[in-house]
Amino acid sequence: MKRLLSIRYTDNAVSFALLLLRVALGLMMMVPHGYPKLVGFAEKADRFSDPFGIGSTASLAMAVFAEFFCAVFIILGLFTRLSTIPLIVAMSVALFYSHNGELFRDGEKAALFLTGFIVILFVGPGKISLDKVLGGK
């Protein structure tokens, strides 16, 4: 209990916290958002939102790539910083396009995801990651 109330921190505690953040954000993005888009791709392709004017099928493919595959990479801590970029774009689109920037209403979840992925972009995956195993810092 004394350690939990301390204002000091250790590298191991930070690495564990980053692992927890990566796994939680990755799973919460992948399971309820990315996976349904992946398995329902054919049904959703014609009517998916097209914020960039590239076509609804291409927009859905980019969303699936970000919300499923990049989320898996973040969970594993593999290509972590690079994998946050598509998710930051996807959550920015969700917040500012789909939810009209309504930060404290419907866009709250997208804003929380966006903030978490920006944190991971700046801080990196931590020691408990495949990036670290493969020689990263």
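Values below: every heavy atom of this structure, side chains too, minus hydrogens, waters and symmetry copies.
For Leu20, the side-chain contact (heavy atoms from CB on, under 4.5 Å) criterion is met by no residue, not counting sequence neighbours. Met30 meets the side-chain contact (heavy atoms from CB on, under 4.5 Å) test with Leu27, Phe68, Ala71, Val72, Ile75; sequence neighbours excluded. Qualifying side-chain contact (heavy atoms from CB on, under 4.5 Å) partners for Ala90, counting only residues two or more places apart in sequence or in other chains: Ala66. For Ser92, the side-chain contact (heavy atoms from CB on, under 4.5 Å) partners two or more places apart in sequence, or in a different chain, are Ile88, Phe96, Leu114. In terms of the side-chain hydrogen bond (donor to acceptor under 3.5 Å, both in side chains) criterion, residue partners of Thr80 (sequence neighbours excluded) are, by chain and number, Asp131. For Ser59, the side-chain hydrogen bond (donor to acceptor under 3.5 Å, both in side chains) partners two or more places apart in sequence, or in a different chain, are Asp50.
Sorted by first then second residue, the side chain to side chain donor-acceptor pair (under 3.5 Å) pairs that include residues 17-27, not counting sequence neighbours, number zero. Listed by first and then second residue, the ring-ring contact (aromatic ring centres under 6.0 Å, His included) pairs involving residues 28-47 are His33-Phe113 (not counting sequence neighbours). Residue pairs meeting the side chain to side chain donor-acceptor pair (under 3.5 Å) criterion with at least one member in residues 99-127, sequence neighbours excluded, do not occur. For residues 84-93, there are no salt bridge (charged side-chain N to carboxylate O under 4.0 Å, His left out) pairs, not counting sequence neighbours. For the salt bridge (charged side-chain N to carboxylate O under 4.0 Å, His left out) condition, the pairs that include at least one residue of residues 36-46, sequence neighbours left out, are Lys37-Glu67.
Within the hydrophobic cluster formed by Ile, Leu, Val, Met, Phe, Trp and Tyr side chains joined at under 4.5 Å, directly or through other members, Met62 is accompanied by Phe52, Ile54, Val89, Val93, Tyr97.
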